[in-house]
Number of protein chains: 2
Amino acid sequence: MDLIDRKYRILQAIIDDYILTALPVGSRTISRKYEQKLSSATIRNEMSDLEELGYLDSPHTSAGRVPSNKAYRLYVDQMLRPMPLSVEETAFINRCFDRRANQVEDLSMRIAKALSSMTRYTTAVMTRTPRNEQMLSHLQLVPVADRRVLLILVTKSGTVKQSLLEIGAGVAPDELYTVSRILSSQLEGVPLSQLPGELMRLCGRSETGIHAIVRAMAEQTPPESQSDIVALAVGGRSNLLSFPEYSDVEKAKALLSVLETREKVVSLLSQHGEMELSVRIGPETGLEETKDCSIVTASYRLSDGRVNTIGMIGPTRMQYGKVLSVLSQVGRSLGDLLEEQND
Amino acid sequence: MDLIDRKYRILQAIIDDYILTALPVGSRTISRKYEQKLSSATIRNEMSDLEELGYLDSPHTSAGRVPSNKAYRLYVDQMLRPMPLSVEETAFINRCFDRRANQVEDLSMRIAKALSSMTRYTTAVMTRTPRNEQMLSHLQLVPVADRRVLLILVTKSGTVKQSLLEIGAGVAPDELYTVSRILSSQLEGVPLSQLPGELMRLCGRSETGIHAIVRAMAEQTPPESQSDIVALAVGGRSNLLSFPEYSDVEKAKALLSVLETREKVVSLLSQHGEMELSVRIGPETGLEETKDCSIVTASYRLSDGRVNTIGMIGPTRMQYGKVLSVLSQVGRSLGDLLEEQND
DNA sequence: GTTAGCACTCGATCGGTTTGAGTGCTAATC
DNA sequence: GATTAGCACTCAAACCGATCGAGTGCTAAC
């Protein structure tokens, strides 16, 4: 469905203006600000056509037009002008990557905060490892207190999980080390999800000495329900309240509540279909509560199988150009950084 | 400044009513709902006195009275009736402690969420270890990838810190174990804050073999700037938007923004003066942004030196009775749980 | 000391009018 | 045939005044 050039330009002008002002756009505005060669009456006719084609909605008879989701779709797919970042912005971003952070959590949080303060959109940063790719490389038991032992699981991809175990009786550090070595060699390559089962099996035939430890591990190793998520950080939630679309407190509350629910955020960030950059508009976001929002994600699969996703959420009237530029740049940098940390 | 019995009762009635409705309370309301023996005119006289004494404010001439911060202070200090939790509530709380969670973070988050959904106030749970009490018990190096090693620091109090190090050259697991043992014995009892310095010292005279590792540790051990905070979880931020006092989006935004800033939350939670239960009203909360809020905290020092604090924040018109009961019960349970986990 | 009564205050609410930004349609113009 | 000027029409928002009602303070009577 090609739009002839002028309609196309007018539609673009309307969307641009609406994104800027959040106010329904009238024909005179377009004629004055964007298409001075054309009279408002002409624009009116075009707008009428555009409405018929499904690109515009009118809130009521005398209120100007508002872009439809279909219009936004066209906008991001075809109308976006590349919008290079300013020098300051690039500098700002680079600063995030400057300070060293050896914890993914810290880094994620810092990036989420920086991006949200930069764009005024709420930002989430997630690193997850698909469950079926997480295989044990080796494990190590570290004594913590008399009957408490910290279990460290290192996966083939280099991510680390820990959990605290309580064992029946005290064990000497040296013995723990020996047990760690034995178990490591026996369990190497086992997917984490099958770890408890494997341990149970070993438990049956292990010598009595390490029996208690293995049993404790089998029973207390956390089920891998959602633990394939390595890190999740959300920043700038309160920014949402600046948008006029959330001056209605009820709406704001519903959305904020979504952004406080870890599972929902994860689900929102997980629906990019393997695309590096993805824009989901309105209902495409997948949640009822976000049907008036758009979500832009940048997502990179690292060589070790982990997937890193950065997402920004805002009203459908989003500065897509800006957000896409920022996300593609930061996403890439973050991907590179994580990759680099990894070898 | 003793208030004679009747004034006292009337003030209490006013505060109770205002906490419930958020609407300025008039003399007739009190006379009808709370003091049916007295006419509204009498109440009016009393209220006039109470205003003069500084316990009541009137938003404007004909709008009823609103309790002042001074009134709330009196209320929490002297007027609170013990408010035992219902059976359901107790059950609900106990359920939080049921499922086992071996990570303080998980447990904190779960409790924060449960409490906020139960009371509708925003809840924060924090466990911190005063910096000067954190002394090394032992450490362990765990191989992760070729040139990456996970450093586990276990403190005397049994908390665990980890950080990822990059070392110059690959080292065999067995050697790492040996190095761990040597360093553990040499560094036992060293406060974490002095760890980098101590390591540097050791670095000078260590054999070349482990030199690289020690140097990496010295350089890459995170400075203990804010890392004495072990865990912080905030739940139910969006609940704030239910209160009529935050129907003004600007106010809501300011407060939410505070609750998104880790340092500010930590500071809000840290100002109880060693009290087990503390109530801070309005400006007593210490931040400009929270001068219309109250914060109730329950705080327990564990035998290992860690301090666990649970805090709830809401408008000064808070259900202090309820919140205090919940917090004292949960605070104690959580304290016991952590204590128990600890030996 | 308490209360009934009354004048007064002042925000909230309600109905009606005005305003102004916008549309759609038609007829004249390029 | 496309463009535009002109005009009637629509409708939310702003404005306005009247009214309402919850509240007060004061005074005089009980």
Side-chain angles (χ1 to χ4, degrees), chain A residues 3-11 13-18 20-68 71 244-245 247-248 317, chain B residues 3-11 13-18 20-68 71 244-245 247-249:
Chain A
L3 295 177
I4 61 161
D5 190 49
R6 193 175 65 181
K7 271 198 178 46
Y8 195 87
R9 273 196 344 261
I10 292 179
L11 181 56
I14 295 175
I15 302 178
D16 281 337
D17 202 74
Y18 186 71
L20 218 64
T21 64
L23 262 27
V25 202
S27 50
R28 273 198 80 210
T29 312
I30 299 300
S31 139
R32 274 204 317 257
K33 290 211 289 188
Y34 301 90
E35 297 283 342
Q36 301 178 354
K37 298 273 174 59
L38 298 178
S39 79
S40 67
T42 311
I43 310 280
R44 236 167 4 249
N45 291 328
E46 296 288 28
M47 284 168 88
S48 179
D49 291 354
L50 284 167
E51 180 166 0
E52 203 149 321
L53 291 167
Y55 291 104
L56 294 179
D57 294 330
S58 32
H60 60 87
T61 347
S62 66
R65 301 303 211 294
V66 161
S68 68
E245 23 275 276
S247 56
D248 174 358
R317 170 189 75 84
Chain B
L3 294 178
I4 62 160
D5 191 49
R6 195 176 64 180
K7 270 199 177 46
Y8 196 86
R9 275 198 340 263
I10 292 179
L11 181 56
I14 294 175
I15 302 177
D16 281 337
D17 202 74
Y18 186 70
L20 218 64
T21 64
L23 263 26
V25 204
S27 51
R28 272 198 80 213
T29 312
I30 298 301
S31 141
R32 273 204 318 260
K33 290 210 291 186
Y34 300 90
E35 297 283 342
Q36 302 179 354
K37 298 272 172 60
L38 298 176
S39 79
S40 67
T42 311
I43 310 280
R44 241 178 344 260
N45 291 329
E46 298 287 28
M47 284 168 87
S48 179
D49 292 355
L50 284 167
E51 181 166 358
E52 203 149 324
L53 290 167
Y55 290 103
L56 295 179
D57 295 329
S58 32
H60 58 88
T61 349
S62 68
R65 303 303 212 292
V66 160
S68 67
E245 21 277 276
S247 56
D248 175 358
V249 182

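Chain A is the first sequence line, chain B the second, and so forth, proteins listed ahead of strands; every chain is numbered from 1. Treat the numbers as computed from the prediction; the structure is a model and nothing was measured.
- Residues that satisfy the side-chain hydrogen bond (donor to acceptor under 3.5 Å, both in side chains) test with B:Ser39, not counting sequence neighbours, are B:Thr42.
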Could you walk me through whether B:Leu56 and B:Val66 pass the side-chain contact (heavy atoms from CB on, under 4.5 Å) test, one step at a time? CA-CA 6 Å; B:Leu56 295 179; B:Val66 160; over 6 Å; no
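- Of the charged side-chain nitrogens involved, at least one lies within less than 4.0 Å of a carboxylate oxygen, so that B:Lys33 and B:Asp17 count as a salt-bridged pair.
- In this entry the distance linking CD of B:Glu52 with P of D:dG25 reads 10 Å, nearest Å.
- Note: CG (B:Asn45) to P (D:dT27) measures 12 Å, nearest angstrom.
- A salt bridge links B:Asp49 with B:Lys7: the distance from a Lys NZ or Arg NE/NH1/NH2 to an Asp or Glu carboxylate oxygen falls below 4.0 Å.
- A donor N or O paired with an acceptor N or O is found under 3.5 Å between the base of D:dT10 and the side-chain atoms of A:Ser62.
- A:Arg28 comes within 4.0 angstrom of no nucleic acid atom, judged by non-hydrogen atoms across all strands.
- Here the shortest heavy-atom pairing between B:Glu51 and B:Ser58 reads OE2-OG, 2.8 Å.
- Protein atom CD of B:Glu51 is 11 Å distant from nucleotide atom P of D:dC26, rounded to whole Å.
- Side chains of B:Ser31 and B:Leu38 form no contact here, defined as non-hydrogen atoms less than 4.5 Å apart.
- Between the CD atom of A:Glu46 and the P atom of D:dT4 there is a distance of 11 Å, rounded to whole Å.
- As judged by a 4.0 angstrom heavy-atom cut-off over every strand, A:Ser40 is placed among residues making no nucleic acid contact.
- Contact between the side-chain N/O atoms of B:Thr61 and the OP1/OP2 oxygens of C:dC10 is found at a separation under 4.0 Å.
- When distances are taken from the side chain of A:Ser39 to each of C:dG24, D:dG25, D:dT4, the shortest belongs to D:dT4.
- With rounding to whole Å, A:Arg6 atom CZ is found 12 Å from D:dG1 atom C1'.
- The distance between atom CD of B:Glu35 and atom C1' of C:dG1, rounded to the nearest whole Å, is 16 Å.
- Along DNA chain C, the nucleotide nearest B:Lys37 and the nucleotide nearest B:His60 are compared for position; the residue whose nucleotide lies closer to the 5' end is B:Lys37.
- Note: CD1 (A:Ile30) to C1' (C:dG22) measures 13 Å, nearest angstrom.
- Here A:Arg32 does not reach the OP1 or OP2 of C:dA21: none of its side-chain N or O atoms lies under 4.0 Å away.
- Looking at B:Glu46 and B:Ile10, their side chains come closer than 4.5 Å, going by heavy atoms from C-beta outward.
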What nitrogen or oxygen pairs link the protein and nucleotides 5-8 of chain C at under 3.5 Å?
unit_1: C:dG5; atom_1: O6; unit_2: B:Arg44; atom_2: NH2; d: 3.3

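- Atoms NZ (A:Lys7) and P (D:dA2) sit 10 Å apart, rounded to a whole Å.
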